S.K.: 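Provided herewith is a single structure, encoded as structure tokens, for subsequent inquiry.
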Amino acid sequence: MQLLQCSSSGSTNITPRFLANKRTVVAGGMRGGGGPGRDGDEAPRDLKRAGFLGAAVAPPLVAAVVALSPLCLSPVSLGQTADIQRGAVLFRRACIGCHDSGGNIIQPGATLFMKDLQRNGVDTEEEIYRVTYFGKGRMPGFGENCTPRGQCTFGPRLQEEEIKELAKFVKLQADQGWPKIEIGEE
């Protein structure tokens with residue numbers, strides 16, 4: 001599965017000192033602004049006692065809140081994730097022998113990367129489906145009713161729904177530059 005990272009360039013580093021400064025402002029003491037202690041630079045006593053605990057807990061807590069924030073969640077639904085996993089399992093079963101990581105060990109100019117798919121006129125789900133079902137050039141067809149026989153795989157055939165899932169998976173991977181997908185066992 002993909003792991004998402006959320007970050008924003010130019011953001012303030014959240015350190016224990018940064019958080020302690022923010023706690024002081026929230027508690028009513030302004031840095032350099034007449035709070036307790038000399039020059040208002042000292043935190044109130046109750047914050048000093050909790051300072052170590054707050055400094056130790058706050059950064060991981062903030063990181064957890066940011067990581068679980070809706071802004072960082074993938075727009076992919078659970079159903080789409082399941083489709084991707086099914087497509088990945090099918091790809092591993094039927095295609096990975098020649099097309100590992102989107103490449104092509106038989107014919108280097110016919111990879112599953114978008115630039116090659118576009119150059120070969122196979123850059124839509126429908127075209128990927130057609131080539132997977134009936135075959136093209138050195139690529140054997142995997143459809144149940146694939147003809148002529150010499151153009152089709154001699155191995156197990158795929159059902160129409162499986163080829164649709166496979167075409168969707170290949171298109172999605174090609175659009176994303178073939179990122180690594182962890183495939184759970186079926």
Side-chain angles (χ1 to χ4, degrees), residues 1-11 13-14 60-186:
M1 303 308 276
Q2 296 176 318
L3 180 63
L4 299 175
Q5 293 180 339
C6 292
S7 64
S8 60
S9 58
S11 66
N13 288 332
I14 299 177
L61 184 61
V62 170
V65 168
V66 169
L68 298 174
S69 164
L71 298 174
C72 297
L73 294 179
S74 170
V76 176
S77 73
L78 290 177
Q80 289 171 317
T81 301
D83 288 345
I84 291 168
Q85 284 296 307
R86 280 194 305 273
V89 167
L90 286 167
F91 186 84
R92 182 177 68 184
R93 189 174 77 201
C95 310
I96 205 163
C98 297
H99 294 288
D100 190 22
S101 299
N104 188 330
I105 64 169
I106 306 295
Q107 193 171 346
T111 71
L112 300 178
F113 287 95
M114 189 52 74
K115 64 180 176 66
D116 284 341
L117 291 174
Q118 289 171 339
R119 188 181 70 241
N120 295 319
V122 190
D123 58 340
T124 65
E125 277 185 46
E126 293 79 20
E127 283 300 310
I128 295 168
Y129 173 88
R130 187 185 58 72
V131 169
T132 306
Y133 196 98
F134 294 107
K136 179 180 179 183
R138 292 181 175 172
M139 164 85 180
F142 286 85
E144 291 177 306
N145 299 315
C146 176
T147 56
R149 229 183 130 99
Q151 182 61 50
C152 306
T153 184
F154 294 106
R157 302 289 176 97
L158 298 174
Q159 297 172 1
E160 285 191 41
E161 281 305 310
E162 292 176 317
I163 295 175
K164 286 178 184 176
E165 287 178 16
L166 194 53
K168 185 182 221 178
F169 173 76
V170 168
K171 174 72 167 121
L172 179 67
Q173 288 292 98
D175 286 341
Q176 296 178 1
W178 283 89
K180 182 172 175 61
I181 299 250
E182 293 297 324
I183 303 171
E185 292 300 317
E186 193 174 55

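Since we're looking at a predicted model, the values are computed, not measured.
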S.K.: Under 4.5 Å between any side-chain heavy atoms of Glu144 and Glu162, yes or no?
M.R.: no

S.K.: Rounded to the nearest 0.5 Å, what separates atom CD in Gln159 from atom CG in Leu166?
M.R.: 13.0 Å

S.K.: With sequence neighbours excluded, tell me which residues meet side chain to side chain contact (heavy atoms under 4.5 Å, CB included) with Glu165.
M.R.: Arg86, Leu90

S.K.: Kindly determine whether Met114 and Gln176 satisfy side-chain contact (heavy atoms from CB on, under 4.5 Å), including the steps that lead there.
M.R.: CA-CA 9 Å; Met114 189 52 74; Gln176 296 178 1; over 6 Å; no

S.K.: What distance do Gln118 atom CD and Phe113 atom CZ have between them, rounded to the nearest 0.5 Å?
M.R.: 13.5 Å

S.K.: Residues in disulfide (SG to SG under 2.5 Å) with Cys95, at least two apart?
M.R.: none

S.K.: Looking at every heavy atom in both Thr153 and Pro140, which two are closest together, and how far apart are they?
M.R.: N-CB, 3.7 Å

S.K.: Check for a donor-acceptor pair, side chain of Asn104 on one end and backbone N or O of Ile106 on the other, with a separation under 3.5 Å.
M.R.: yes

S.K.: Applying salt bridge (Lys or Arg N to Asp or Glu O under 4.0 Å), which residue pairs with at least one partner in residues 102-125 are found, sequence neighbours left out?
M.R.: Asp116-Arg119

S.K.: How many angstroms lie between NZ in Lys164 and CG in Asp83, if you round to the nearest 0.5 Å?
M.R.: 12.5 Å

S.K.: Only pairs at least two apart or in different chains count here, so list each ring-ring contact (aromatic ring centres under 6.0 Å, His included) that has a residue in residues 88-111.
M.R.: Phe91-Phe169, Phe91-Trp178

S.K.: Do you know the tightest heavy-atom contact between Ala94 and Leu158?
M.R.: CB-CD1, 4.2 Å

S.K.: Any ring-ring contact (aromatic ring centres under 6.0 Å, His included) involving residues 124-161? Give me the pairs, sequence neighbours left out, ordered by first then second residue.
M.R.: Tyr129-Tyr133

S.K.: Please find the pair of heavy atoms, one from Cys146 and one from Gly141, that lie closest to each other, and give the distance.
M.R.: SG-CA, 3.9 Å

S.K.: At their closest point, which heavy atom of Thr111 faces which heavy atom of Leu117, and how far apart are they?
M.R.: O-CD2, 3.9 Å

S.K.: Could you walk me through whether Ile84 and Leu172 pass the side-chain contact (heavy atoms from CB on, under 4.5 Å) test, one step at a time?
M.R.: CA-CA 9 Å; Ile84 291 168; Leu172 179 67; 3.5 Å; yes

S.K.: Could you tell me which non-hydrogen atom of Val131 sits nearest to which non-hydrogen atom of Met139, and how far apart they are?
M.R.: CG1-CG, 3.9 Å

S.K.: Would Cys98 and Gln107 count as a side-chain contact (heavy atoms from CB on, under 4.5 Å) if you check the C-alpha gap in whole Å, the side-chain angles of each, and the deciding distance to 0.1 Å?
M.R.: CA-CA 9 Å; Cys98 297; Gln107 193 171 346; over 6 Å; no

S.K.: By side chain to side chain contact (heavy atoms under 4.5 Å, CB included), which residues pair with Gln151, not counting sequence neighbours?
M.R.: Pro148

S.K.: Quick check: closest heavy atoms across Arg157 and Cys152, and the distance to 0.1 Å?
M.R.: NH2-CB, 3.5 Å

